[in-house]
Structure formats: structure tokens, C-alpha cells
S.K.: 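My questions will all concern the structure given below.
Quick caveat: nothing in here was measured; it's all calculated off a predicted structure. As the structure lists them, so they are numbered: ligands from 1, and atoms in each ligand from 1.
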Amino acid sequence: MRAMARGLGGIVAAALMASVVSAAVEPPSTVVTALPLATAQNSPLLVSADMRGGIDLSGPWHYSIDPFRAGLAGFHGETPDLGQRRYLDIDVAKEMASDNRAMYEFNLDHAPLTVLPSSWLTAAPEMRHYQGLVWYQRHFDVPASRHGRLFLRFGAANYSAYVFLNGKPVGRHEGGFTPFAFEVTGLLRDGDNQITVGVDSQATPATVPPPVTDWENYGGLTRQVRLVETPDTFVDDAWVRLTRDGQIAADVHLNGPAAAKKTVRLRIGELGVDIPGTTDAQGNWHGAIAAPAALVRWSPDRPKLYDVAVDAGEDHWKDRIGFRTIEVRGTDILLNGKPIFLRGISLHEEEIGAAPTRAITPASARALLGEIKDGLHGNYVRLAHYPHSELMTRTADELGLLVWSEVPVYWMIAWDNPATLATARNMLAENILRDRNRASIAIWSVANETPVTDARNSFLRTLVADARRLDDTRLISAALLVDHGKGPGAPVMTLADPLAEAVDVLALNTYNGWYTADRLSDLPATRWNVPTDKPLVFSEFGADALAGFHKPQKFSEDYQADYYRATLAMADKLPTLRGMSPWILKDFRSPRRQNPDFQMGWNRKGLISETGVRKMAFYVLSDYYQAKDKAAAAR
Ligand code: GCB
């Protein structure tokens, strides 16, 4: 629960700390390790770490598989033998050559190289289907002239990470899609340093997500690892936003020996905002002023971002932040007080190309999001089914796309397992705390297609409550299942999920005419029994098509295009529908999809193929969105 215990600052903090931290449970580990590795509990948040200086450890790393996890525990569960400790700070070859009693069953310095960030699935053909533990290692230089504090900051490690520096344990983290950091100031040495990271991709019934999903499990260090430098006392968290009552508000949390009673200053130069303040005994400061008249509110039409700075002694925290409000009034979603229809599409974190490795770069983020913004005339993206790279949410800020952000509480989760709940809460908190400054984020989603039971309802209500306490400026949702019934001539769809009461936006996944035998011509007449007091979005609908295949049958481009036409006609008849994110922009890898004629391990519901070829349905949706956009502009 370290993310929640830290850096919330101001008003939100007190309530949260009391209720959440007292309930904190150590996240479960998928593996029993006999090594002395603490979780990331007392680590900093380093919010907006990507804007700080430091050493980027991207590039070649050695890697080596460890399918029996011998580097984590001996075969009776004890501390591993010397000969198996992958993280030792030694020259293995030299040790053995100089002492004929020495024996090591690894040598990471001689292991093959791969370029990080990336998933090991693409490191070598024999790694393509590997799930389990992989050790990574590299060396890097640190100048003797360093100042202040240094942190190893991981953008993401899928799924569990075990981190060592110069042979010493640093910490471990669970959760494949959120950042974490460990302080290593005292462990670094001048000149050469050795970092070793074990990454275990194995999902279990207790993990989030569980083993059964509909996407590829890209194990590895899929986002940047950086050594981040800060002064001794630094801004660990700063949340700067426009509140619904028209104030620019900031919560700041300092970390370090001089955090208490410290002078801080919030500056937005372009707006002439300059507010001084003093932190309390815990290093927290809250400030707010009425938004200046000159403020240009961020929107998809005008995604204006401002340079924002927080000065605290030697530390100068900075970010690029857009200011806007998002709220619900009756059945409308209001952006900056005006009703908006969310013209979206869903997206997995997978770059366009024949052999994706889930390594998002600024260019791959732009290629994906640009296709939505410019190609589809969209204003919204659902980043499914887990937190995507911070490059994606930053690019959404820049391009002007509203974002649905979600945690992988997907299908069947161990609802009764307190450790699983702790993991999910930690993940949600890490996601929200990472991205609260992103104007693009409009909706936090807590789950996707989860079966209704008491245990599940209480699990998800806890997540909804956490999200509200961590961020009172955004909307909460979850992608829900609807019951499919047969009426005279058309399906009858009923939303009977008690979670509907807890969310701000109702979101439904519907696949009539693809997974059901409904005739497409019957879809527009579908009867909907859904609560009518809140905005509704279609969080998913879709049909597979192999690009280039044209026949009057499923899996053809023609059927997918007809399916879109019928489903959009159905959507037009829903009076409370306020947006949609059809499934999905791009064909994505999914091991459960093995029809050899059409799928070959890819879910083919993309509107573009894996290499970016647009299918017929792309143009159906693009025309629909363009017309909607024009109609809204004319109002
Ligand atoms: C769903 C899931 C999504 C799947 C999709 C499909 O409802 O939420 O993860 O990939 O359907 O293609 O079946």
C-alpha cells in the first residue's frame, strides 16, 4: 500500500490514510522467495519522474531464463545456494578459473543480450512462449560527483520484479503495468555498478490479472528503467488540477529530511500564477486560487498544456499540465461544462507491426493515437485492460484525446482473497497517482466483465471508493456484462448489475451478432433495459475480420463492416448513450485465438490489421464519427 501511504498531500490525504492504510495488506507474491527483499512499501512515488534528470538504462541487457526459480529459493525453499544466486556481484568465469572449488550454474555476463525496454517474447525464437522467471543484468557507470539522492525507477515490470544492485537486495514489486521506485543512494558506487532484475511473468489465480485473459502476456521490462536523481528533500508528489468549482488547486508532498515547514511555490508562468506556501509537519501543502480569466481550458479541439513548476528549496519539480473539468449532469457527460459525445475506440498496449513487444516509444504512441484522432475523427480512447505506458497518456494529452484508464481486474479474480484485493488497490493507486496530472484522463475504470457475486461487488466497491478518494475530479466506471434475452424479432438486453449504482458512467460490452446468433438486421430493434438516470457508453462491441478477406461470412471485412453498420444503428436508438469505444483499433496478439485460417494467435477485431492496414469497418466508423463531430460543431 505504499503508494497510498505517500504523497497525497492536503485534504484527500487525511481521510485516505485513515481508511486505506489501516487496511493495508502486503501484496501477495506469485513466488515464494527466500531472499531478503522488501516490497516497494517505503519507496517514493516520484510523480512525473519522466520529467526529471537521470541515467536511462535502456539498451542492451543480458538475460537468462530460470524456469524453476532457483535464483529465488533452493529446492527445499531455503536461501538459494551460492551457485544459483544470479545477482551476485562477481565475475563468475574468473572465480571458477581461479578456484577449482568454485561452481556457478549461471553467468549473466556471458548470457545472450536483448535490448530493453521490450518483452522477452521477442528476444529469441525460443523465448516466444516463455512464461516464468527471467533474470536481466547490465552494468552502468555513475560519476563520483553525484549529489543528493538516487532512485531506480521502473516504468513497468511484468509481472513481479526482484531488484538487486551490486549484489545487494533492493526490493520487489508486484503488478505488471504501474511504476515503482527504490532508493539506492547508499548502494551505488563510483564508476561501475551492476544491476540485476528478476522478472516473473507467471500469473496465478491470486494475481491481477489472473492467468486467463484475451491478450498476450508480455513478460519482461517493458518500460524504461532509469536512475533518477533528486535533491535530499524533493517534491515526491504534486497534483495540480482545475476543480469543478473553478479553482486551480495543488497538493504537494515533500520527501526528505527538510520536508516539514518548508517554503514551496506553485508557478504557472504563462498564466501569471505564483502561489507561495509552507508545508505542514508531514511535508504536505495544499494551495488553491481562482482560475485566471486567461486560462485556456484543455479539450480535444484545443489541447492546451501549460508548463507547471513547484519549487521547494533545491528541487524544481515540473510538468506539462492541461486544465479542464469533466463531470456528469443527469445523463450527460460534460467537458468544461458542455455536453460531449465520446467518439472512441479501445486499444491494447501493442505497437503497430508484425512482431510487437509492448515497447511503446513516442513514435509508436503517436502512430496508434494519431490513427484515432486523425483517421477515425475520434476524441476518446479506452486504454484497455491495464494501465498503459505514461508515454500513451502524455501523447493523449498532447493530441487531445480523452482517456478511459483501467486496472486489470478482468474476468475471474480471486474476489475472496484479501491479498488479491490489496494488490488491486495498490495497482489502482499507483495508476491514479501516476496520471492524476493528465488532462486527458476522464474516466478511471475498476473492472472489466466481472461476474456478479457478493464478494465481487464488495471488492469492486472498495476500488470505486479508493478511486473517489484519490481523485475527486474524474468519473468512475467499469465495463459491465449485460444479460442477453430473446424478444419478438430482436434481442432484449438487460443490465442487472448492482455495481451500476456505484459508478458515474454506465459502461457495457455487447457483441450481439458476433458471439450470438442474432441477425444483424435485428440489432437496431434491440430492447434495452438499462438504468436511464446516468450516461451510458458502449465500452466494447466488435467483430473479427482478417484484412483482405472478402466473403459473405464471419471473419470477412464485409461482415465486420455490416456488423458496425448494424451496431451503430442500434446505438443511435439509445437515448442515454453518450459515447463508445468499440473493440478495437488494431488486431492484437491473443493466445486463445487459434483459428488457423483467420486468427493465427491474433484477435482480429481490429479496425486495422497488426501492420496498420485499414479494414472496411474503419471507414464505417470514421464516417460515423465525422458526421457526429460535424453535427456537434453545428449545435
Ligand atoms: C471482451 C473482452 C475483451 C476481449 C473481447 C473479445 O468482452 O473485454 O478483452 O478481447 O471481448 O474479442 O472477445
Side-chain angles (χ1 to χ4, degrees), residues 176-177 203 207-218 344-350 356 358 368 381-388 404-413 443 445-452 456 460 477-484 491 493 495 497 499 503 505-518 523 536-547 554-557 559-560 563-564 567 570-571 579-595 598-610 615 617-618 621:
F177 305 99
T207 57
V208 185
V212 176
T213 69
D214 185 25
W215 69 84
E216 186 65 77
N217 190 23
Y218 286 97
I345 188 92
S346 298
L347 193 66
H348 264 294
E349 187 180 16
E350 215 183 68
R358 190 167 291 155
L368 288 163
V381 59
R382 176 183 182 201
L383 298 180
H385 278 301
Y386 39 75
H388 287 215
W404 160 302
S405 172
E406 97 190 56
V407 285
V409 176
Y410 183 91
W411 289 356
M412 275 310 289
I413 290 281
I443 298 175
S445 166
V446 298
N448 179 76
E449 291 189 352
T450 51
V452 176
R456 169 272 198 185
L460 295 187
S477 193
L480 304 177
L481 289 164
V482 271
D483 300 331
H484 178 269
M493 304 296 288
L495 176 63
D497 187 330
L499 201 73
V503 297
V505 176
L506 299 171
L508 307 180
N509 294 352
T510 167
Y511 285 90
N512 290 351
W514 178 255
Y515 289 123
T516 69
D518 295 305
L523 296 193
L536 172 71
V537 297
F538 280 151
S539 33
E540 288 179 28
F541 62 81
D544 286 58
L546 178 65
K554 283 187 177 170
F555 288 109
S556 69
E557 283 198 37
Y559 188 89
Q560 189 192 38
Y563 168 93
Y564 264 76
T567 306
M570 172 181 87
M580 55 178 79
S581 49
W583 196 252
I584 184 169
L585 179 69
K586 183 185 82 67
D587 290 355
F588 61 97
R589 280 209 196 274
S590 174
R592 67 189 291 122
R593 309 294 177 175
Q594 295 298 347
N595 183 314
F598 305 114
Q599 296 175 308
M600 308 87 150
W602 296 85
N603 183 315
R604 295 282 181 205
K605 294 191 187 69
L607 293 183
I608 61 176
S609 73
E610 71 274 27
K615 305 178 193 174
F618 183 97
L621 189 66

S.K.: What protein heavy atom sits nearest atom 8 (O) of ligand 1, and how far off is it?
M.R.: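 Residue, atom and distance for the closest contact: Glu540 OE2, 2.7 Å.
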S.K.: Can you list the ligand 1 atoms lying under 4.0 Å from a non-hydrogen atom of Phe588?
M.R.: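 Counting from 1, the qualifying ligand atoms are 10 (O).
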S.K.: Anything under 30° is parallel, anything over 60° is perpendicular, the rest tilted; go ahead and classify Phe177 against Tyr386.
M.R.: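 Correct class here is parallel.
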S.K.: Could you go through the salt bridge (charged side-chain N to carboxylate O under 4.0 Å, His left out) check for Glu610 and Arg589 one step at a time?
M.R.: CA-CA 9 Å; Glu610 71 274 27; Arg589 280 209 196 274; over 6 Å; no
S.K.: Under a 4.0 Å heavy-atom limit, does Asn603 contact ligand 1 with its side chain, its backbone, both, or neither?
M.R.: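 The part of Asn603 near ligand 1 is the side chain, not the backbone.
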S.K.: Counting from 1, what ligand 1 atoms have a heavy atom of Asn509 closer than 4.0 Å?
M.R.: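 Matching atoms, with element in brackets: 7 (O), 8 (O).
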S.K.: Tell me, which protein residue and heavy-atom name are nearest atom 4 (C) of ligand 1, and how many Å apart are they?
M.R.: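 Residue, atom and distance for the closest contact: Asp214 OD2, 3.1 Å.
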S.K.: Is there a side-chain contact between Ile608 and Lys586, using heavy atoms and a 4.5 Å cut-off?
M.R.: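 Ile608 vs Lys586: side chains touch.
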S.K.: Measure across Leu481 and Thr450 and return the closest heavy-atom pair with its distance rounded to 0.1 Å.
M.R.: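 For Leu481 versus Thr450, the nearest heavy atoms are CD1-O, 4.2 Å.
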S.K.: Considering Trp583, Trp215, Tyr515 one by one, which has a heavy atom nearer to atom 13 (O) of ligand 1 than any of the others?
M.R.: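 Looking at heavy atoms only, the winner is Tyr515.
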S.K.: For a 4.5 angstrom cut-off between non-hydrogen side-chain atoms, does Ser590 reach Asp214?
M.R.: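 Yes, at least one pair of side-chain atoms sits under 4.5 Å.
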S.K.: Where is the nearest protein heavy atom to atom 12 (O) of ligand 1: which residue, which atom, and how far?
M.R.: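 Going atom by atom, the protein heavy atom closest to atom 12 (O) of ligand 1 ends up being Lys605 NZ, 2.6 Å.
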S.K.: As a test of understanding, state which of Glu350, Arg604, Glu540, Lys605 forms a side chain to side chain contact (heavy atoms under 4.5 Å, CB included) with Ile584.
M.R.: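 Single pass found, and it is Lys605.
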S.K.: Under 4.0 Å from ligand 1, counting heavy atoms only, is it the side chain of Thr213, its backbone, both or neither?
M.R.: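 For Thr213, there is no contact with ligand 1 at all, from either part.
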S.K.: For the pair His348 and Phe588, name the ring-plane relationship: parallel under 30°, tilted 30 to 60°, perpendicular over 60°.
M.R.: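 Ring orientation, 0 to 90° scale: tilted.
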S.K.: Can you tell me if Arg593 has a non-hydrogen atom under 4.0 Å from ligand 1?
M.R.: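 Contact present.
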S.K.: Nearest to atom 7 (O) of ligand 1, what protein heavy atom do you find, and at what distance?
M.R.: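 I find the closest protein heavy atom is Glu449 OE2, 2.3 Å.
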